[in-house]
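One structure is given below, encoded as structure tokens.
By convention in this document, chain letters (A, B, ...) are assigned in the order of the sequence lines, proteins followed by strands, and residues within each chain are numbered from 1.
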Amino acid sequence: MVLTSFTPIASLVGGAMIGLAAVLLMWATGRIAGVSGIAARLFPPYEDREFAGRLAFVAGLAAAPVLVRLVAGGLPEQTIAAGPAVLIVGGLLTGFGSVWGSGCTSGHGVCGLSRLSVRSLIATMTFMAAGMATVFVMRHWS
Amino acid sequence: MAILVQFAIGLIFGLGLIVSGMSNPAKVLNFLDIGGIAAGTWDASLAFVMAGAVAVTFVGFGRVLKRARPFFADRFYLPTRRDIDARIVAGPAIFGVGWGLVGFCPGPALTALGFGSLSAVIFVVAMCAGMVLARFIAHLPSLARYVTPADPLET
């Protein structure tokens, strides 16, 4: 495993920026900033005409590191330890589960909790527990 | 104009993920590693990200939702479901395993595409396949009739 340092201030500030984005999206489009819902609706079946806006939002996510590199001249550390097989399995489970459960860390964790949704609270506690259990098995049972 | 604004909002979201350190899966995994609390390797940062995000969203939603309508739409599209069914537990349980395996949830994974790593591309392609599969199954006639809202993906 790769050690990382505890960054309370940066994480609080970055979290506030994520919250600001969620508020702005609600103000602009009237919709929840749930990344899994936005990404999943880029694929058929299409139920509304919001495709271009969703694509723009996702493009904005991917453009963020490009902007940081342009302005700051570099990017913060990113360590992806998983190999190809784990990446594929992890990606499939992440995509399937977040859509099956109607949301991920942003839709349930940020927006849902902020709306005091019981469904989102149950979802958030469940994916936190499942994530912790998975890391525990991966790191401490082998 | 609305499209440009949504690009800018995605950009702010992505910048928030980078500033907070959540674009680094190692930081996420070290938060999820409760075995690391005793070992001194636990990274509590993710809790601070959530705290900052929920605080701003809680206050901001309260103000925005007092408005008559969104700036670019005719109404607010808020989730209406309150029922607790099997899927609200099964879905997050499956997602949590994927999250714990790699350290990516959907937002950081899409942001990681801009870091230019092949690993992020592999993960995102698999993630999209999983999303398409889940929507396909959710839209099967045998399942869809149990779902009351028009969109089975309503949060």
Heavy-atom cut-off 4.5 Å, strictly under: side chain, backbone, both or neither for [X] against chain B?
X        : value
A:Met1   : side chain
A:Ala81  : neither
A:Ile9   : neither
A:Met125 : neither
A:Ile38  : neither
A:Arg54  : backbone
A:Val58  : side chain
A:Pro45  : both

Transitively linked via ILVMFWY side-chain contacts under 4.5 Å: [X] with [Y]?
X        : Y        : answer
A:Leu93  : B:Ile137 : yes
B:Phe58  : B:Leu65  : no
A:Val66  : A:Val68  : no
A:Val110 : A:Leu116 : no
B:Phe31  : A:Leu3   : no

So what's closer than 4.5 Å to chain A heavy atoms on [X]: side chain, backbone, both or neither?
X        : value
B:Asp74  : neither
B:Ile34  : side chain
B:Leu4   : neither
B:Ala44  : both
B:Val49  : both
B:Arg75  : backbone
B:Ala93  : both
B:Ala109 : neither
B:Val132 : side chain
B:Val5   : side chain

Please identify, among [options], the residue contributing the most non-hydrogen atom pairs under 4.5 Å to chain B.
options                              : value
A:Ala82, A:Pro8, A:Pro44             : A:Pro8
A:Ala10, A:Ala28, A:Ala63, A:Gly109  : A:Ala28
A:Met128, A:Gln78, A:Arg31, A:Arg115 : A:Gln78
A:Ala21, A:Pro65, A:Gly101           : A:Pro65
A:Val13, A:Thr29, A:Leu113           : A:Thr29

Parallel under 30°, tilted from 30 to 60°, perpendicular over 60°: which one fits the rings of A:Phe51 and A:Tyr46?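 Ring orientation of A:Phe51 relative to A:Tyr46: perpendicular.
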
Give me the ring orientation class for B:Trp99 and B:Phe95: parallel if the planes are under 30° apart, tilted from 30 to 60°, perpendicular past 60°.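 Answer is parallel, since the angle falls under 30°.
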
Report, one line per pair, each donor and acceptor closer than 3.5 Å where one atom sits in a side chain of residues 16-30 of chain B; sequence neighbours left out.
from	atom 1	to	atom 2	distance (Å)
B:Ser20	OG	B:Gly16	O	2.9
B:Ser20	OG	B:Leu17	O	3.0
B:Ser20	OG	B:Met22	N	3.4
B:Asn24	OD1	A:Thr79	N	2.8
B:Asn24	OD1	B:Ala26	N	3.3
B:Asn24	ND2	A:Glu77	O	3.4
B:Lys27	NZ	A:Ser5	O	2.6
B:Lys27	NZ	A:Thr7	OG1	3.1
B:Lys27	NZ	B:Asp43	OD2	2.8
B:Lys27	NZ	B:Ser45	OG	3.1
B:Asn30	OD1	A:Arg139	NH1	3.0
B:Asn30	OD1	A:Arg139	NH2	3.3
B:Asn30	ND2	A:Val2	O	2.8
B:Asn30	ND2	A:Thr4	OG1	3.0
B:Asn30	ND2	B:Ala26	O	3.4

[X] (side chain) donor-acceptor with [Y] (main chain) under 3.5 angstrom:
X        : Y        : result
A:Arg69  : A:Leu75  : no
B:His139 : B:Arg135 : yes
A:Arg119 : A:Ala123 : no

For chain A, find which of [options] contributes the most heavy-atom pairs closer than 4.5 angstrom.
options                             : value
B:Pro92, B:Ala47, B:Gly98           : B:Pro92
B:Cys105, B:Gly52, B:Gly36, B:Ala86 : B:Gly52
B:Asp85, B:Val59, B:Val124, B:Asp83 : B:Asp83
B:Gly60, B:Pro106, B:Gly14          : B:Pro106
B:Phe136, B:Phe72, B:Phe123         : B:Phe123
B:Val64, B:Thr111, B:Ile12          : B:Thr111

Tell me which donor-acceptor pairs under 3.5 Å the side chains of residues 113-122 of chain B have, and how far apart each pair is, sequence neighbours excluded?
from	atom 1	to	atom 2	distance (Å)
B:Ser117	OG	B:Ala120	N	3.2

Min side-chain heavy-atom separation B:Met50-A:Ile18 under 4.5 Å: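 B:Met50 does not reach A:Ile18 side chain to side chain.
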
Shortest non-hydrogen contact from B:Val54 to A:Ser114?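 Answer, listing the atom of B:Val54 first, then A:Ser114: O-OG, 3.4 Å.
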
Closest non-hydrogen atom pair between A:Leu25 and A:Ile32, with its separation: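 A:Leu25 and A:Ile32 have their closest heavy atoms at CD2-O, 4.0 Å.
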
Does the pair B:Met131 and A:Leu92 meet the rule for a side chain to side chain contact (heavy atoms under 4.5 Å, CB included), with working shown? CA-CA 8 Å; B:Met131 288 174 164; A:Leu92 281 170; over 6 Å; no

Does B:Phe48 form a side chain to side chain contact (heavy atoms under 4.5 Å, CB included) with A:Phe6? I'd like the steps, not just the answer. CA-CA 10 Å; B:Phe48 285 70; A:Phe6 177 45; 3.5 Å; yes

